[in-house]
There are 2 protein chains.
Amino acid sequence: MPATIRDVARASGVHISTVSRTFSAPHLVNPETRVRVLACAEDLGYRPNRAARALITGRTHNIGLIVADIANPFFPPLIKAAEGQARHRDYHVFVADTNEDQAAEEELVHALAKQVDGVLLCSPRMSNSLIEQVSREVPVVVINRQVAGLPCVMMDVGQGARLAIEHLLGLGHRRIALLGGPRGSWTNREIRRAAGTAARTGGAELTVLGPNHPTETGGGAVADQVRRSGVTAVLAYNDLMAIGLIEGLDALGLRVPADISVVGVDDIALSRLTRPKLTTVATPTAAAGRTAVDMLLQLDSDAPRGARGRGATAGDRRTTAQVMLQTELVVRDSTGPVPPPGRDTGA
Amino acid sequence: MPATIRDVARASGVHISTVSRTFSAPHLVNPETRVRVLACAEDLGYRPNRAARALITGRTHNIGLIVADIANPFFPPLIKAAEGQARHRDYHVFVADTNEDQAAEEELVHALAKQVDGVLLCSPRMSNSLIEQVSREVPVVVINRQVAGLPCVMMDVGQGARLAIEHLLGLGHRRIALLGGPRGSWTNREIRRAAGTAARTGGAELTVLGPNHPTETGGGAVADQVRRSGVTAVLAYNDLMAIGLIEGLDALGLRVPADISVVGVDDIALSRLTRPKLTTVATPTAAAGRTAVDMLLQLDSDAPRGARGRGATAGDRRTTAQVMLQTELVVRDSTGPVPPPGRDTGA
DNA sequence: TTCTTCGCTGCAAACCTTTGCAGCTCTCCG
DNA sequence: CGGAGAGCTGCAAAGGTTTGCAGCGAAGAA
């Protein structure tokens, strides 16, 4: 039913190769012929079959994007930015959701490998060695994680965590809890490392609680634990957990920031809408999405893996860029001075 | 570099067709041969090239999902459900975001048409005739809209809006505003129609404000207009707008629900997290995603469009199912009794 | 022994497009 | 007038897979 290149060729009285060239190399065909072909193509509603093209060029013009949880508001802006950038370059994005599951992650990247020109691994939970392994199968750019020898786009959450801790120290807090995120998260390790150092430097005590599921539920679940720990401030792995925690604390009769201060990470849109508005570390998610797409496409044009390109680019070790994006602390209403010592925090 | 069917055939000493059958019709090949082939395939890390398969079968095993705005929390649960259901059937989902733009919508469906077996059009903004047109190019299931002759999955927001208005009437409200959504939205028309009828029946006055951008910003922007209109309750096109409106009213010194009641639509996760918690119409988004995928795949197996299937299924008008999913009103804290008449609402 | 039947495997066409190469026609120059 | 070159077009192979058809050997029946 859909018109093929052959139909257009027949209709315009030329060979199929001429039709092909009309689209892929217009300067090689007589202007007169070109307009005729284009007219016929338009008429028949012809659009090149990308699958067939992919077969011979080795380029699908698709890229895969694997995220841990599309329902986590952290990801959509990144996805959106990546899609926009990709579309700009005539690429399409295949989004897949792993439900925070390592096994699903691996399965998905394999399933995607053959139908995309490259994969963006966003906040992967799998092991470094597994990532390296899949990168031999399909070009990969890693987001939110550092893997040696692979192109990576990271956000400097370590720096952000340090700023957050310093902010809390400045408010007088000396007993601080860190709400850990999911196991396997690079971001989680970075935050923990930086927060630990900053707390030690400032003479504060840092209690690590976790790992936890990086959602409101996960945050709410540890509210009681936080109360019993007797801390006066909390740095959460992400905004969702911070918000869940605030809810949970509220249910326990603890007020934020009067009784306890809470800082999140990500600066999702939601963090401006809750009451109190959340103090958080803003991460440049959109920029990360755009950058990652650029790096992948760059990689791709450097190292053709098409049918024709074999053998040409054997031994060149391309320089694998690693980009670190800056973060910043956004102070809103969920942090305040440490409560007077006499006050009962319910502990 | 990646192993092809030919490599496996060579390694296991059989013809490529036997390898092919080992995967697509195992019962046709000798068990002994089968294990040998499977071993070789495993060994070489062979995975069938889906593009090549698509070329001959006419099935890509991909489906497209076009949404208006992936950053709107309404969509992710739907996407997630659709993806899960699709993966279950060995399909992958191509998500694309139109940024609420009709032109982008049309362009995207065309670009996707050839590399997917069907498209899920979620809350499309384009005209019915355009939808019908693209449906001739690629199988389509429409979500959140009714188009005659096309399979549709709808949520009964009309019913939900009626319940919402009745809830407000029950609280004594007689002057109610409706915050309209984007132009071209079927949901918007449904809500408006049903709310209008319910208000008239209950002897209330319904003021329609809009159209508006369906985001917090869009909701916040009309806060002043709402105040000046002198209504005591508002039904918003979606939760995001409702939340934005509450923010905006708050900035104007109006309290929800003491001064004014607000109801949303969608029951996004966020609506449980804001203060006050939002009264809203819950829509079964996940069910809609699953149902739509099922309908598309069903459609697809009924009407093969593969290379081999031509001519066989010419004239059969398949029954195009239209499914209406129920909604329900979730009463939380953003609605309350109408304020005493003497009270100054700032108008 | 001869004929069927059955189970398995190989053959080759087909899907749609891209692209290196060769051939054609024309123009222009010497 | 002959030859070179440029501009355009056609030819055919290639890419990886599926599938209808045919062929082959062995087992069973007559």
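Every chain is numbered from 1, with letters handed out A, B, ... down the list of sequences. Just so we're clear, the structure is a prediction, and the values are computed from it rather than from any experiment.
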A.B. asks: Between atom CG in Asn49(B) and atom C1' in dC15(C), what is the gap in whole Å?
C.D. replies: 13 Å
A.B. asks: Please classify the nucleic acid contact of Phe23(A) as base, sugar-phosphate, or nothing, using heavy-atom distances under 4.0 Å.
C.D. replies: nothing
A.B. asks: How many Å lie between CG on Leu55(B) and P on dT17(C), as a whole number?
C.D. replies: 9 Å
A.B. asks: Can you tell me the distance, in whole Å, between the CZ atom of Arg10(A) and the P atom of dC16(C)?
C.D. replies: 11 Å
A.B. asks: In whole Å, what is the span from the CD atom of Glu32(A) to the P atom of dC8(D)?
C.D. replies: 11 Å
A.B. asks: Looking only at heavy atoms, which two atoms of Gln102(B) and Met126(B) are closest? And how far apart?
C.D. replies: OE1-CA, 4.1 Å
A.B. asks: To the nearest Å, how far apart are Tyr46(B) OH and dG16(D) C1'?
C.D. replies: 8 Å
A.B. asks: When the ring planes of Phe23(B) and Tyr46(B) are compared, do they come out parallel, tilted or perpendicular, using 30° and 60° as the limits?
C.D. replies: tilted
A.B. asks: Taking all non-hydrogen atoms of both residues into account, name the closest pair between Asn128(B) and Gln146(B) and its distance.
C.D. replies: ND2-O, 4.0 Å
A.B. asks: Write down the distance between CZ (Arg59(B)) and C1' (dA14(C)), rounded to a whole number of angstrom.
C.D. replies: 17 Å
A.B. asks: Across the strands shown, which category fits Arg6(A) at heavy-atom distances under 4.0 angstrom: base, sugar-phosphate, nothing?
C.D. replies: base
A.B. asks: Take Asn62(A) and Gln115(A), measure what side-chain hydrogen bond (donor to acceptor under 3.5 Å, both in side chains) needs, and give me the verdict at the end.
C.D. replies: CA-CA 7 Å; Asn62(A) 294 331; Gln115(A) 42 192 344; over 6 Å; no
A.B. asks: Got a sec: does the NE2 of His110(B) have more than 12 other heavy atoms crowding it under 6.0 Å?
C.D. replies: yes
A.B. asks: Nearest-Å distance, CD1 (Ile56(B)) to C1' (dG16(D))?
C.D. replies: 10 Å
A.B. asks: List every contact pair, protein side and nucleotides 7-10 of chain C side both N or O, where the distance is under 3.5 Å.
C.D. replies:
{"unit_1": "dT9(C)", "atom_1": "OP1", "unit_2": "Thr33(B)", "atom_2": "OG1", "d": "2.3"}
{"unit_1": "dT9(C)", "atom_1": "OP2", "unit_2": "Asn30(B)", "atom_2": "N", "d": "3.0"}
{"unit_1": "dG10(C)", "atom_1": "OP2", "unit_2": "His15(B)", "atom_2": "N", "d": "2.8"}
{"unit_1": "dG10(C)", "atom_1": "OP2", "unit_2": "Thr18(B)", "atom_2": "OG1", "d": "2.8"}
{"unit_1": "dG10(C)", "atom_1": "N7", "unit_2": "Ser17(B)", "atom_2": "OG", "d": "3.4"}
{"unit_1": "dG10(C)", "atom_1": "N7", "unit_2": "Arg21(B)", "atom_2": "NH2", "d": "3.0"}
{"unit_1": "dG10(C)", "atom_1": "O6", "unit_2": "Arg21(B)", "atom_2": "NH1", "d": "3.4"}
{"unit_1": "dG10(C)", "atom_1": "O6", "unit_2": "Arg21(B)", "atom_2": "NH2", "d": "3.1"}

A.B. asks: So do the side chains of Pro77(B) and Lys80(B) get within less than 4.5 Å of each other, counting heavy atoms only?
C.D. replies: no
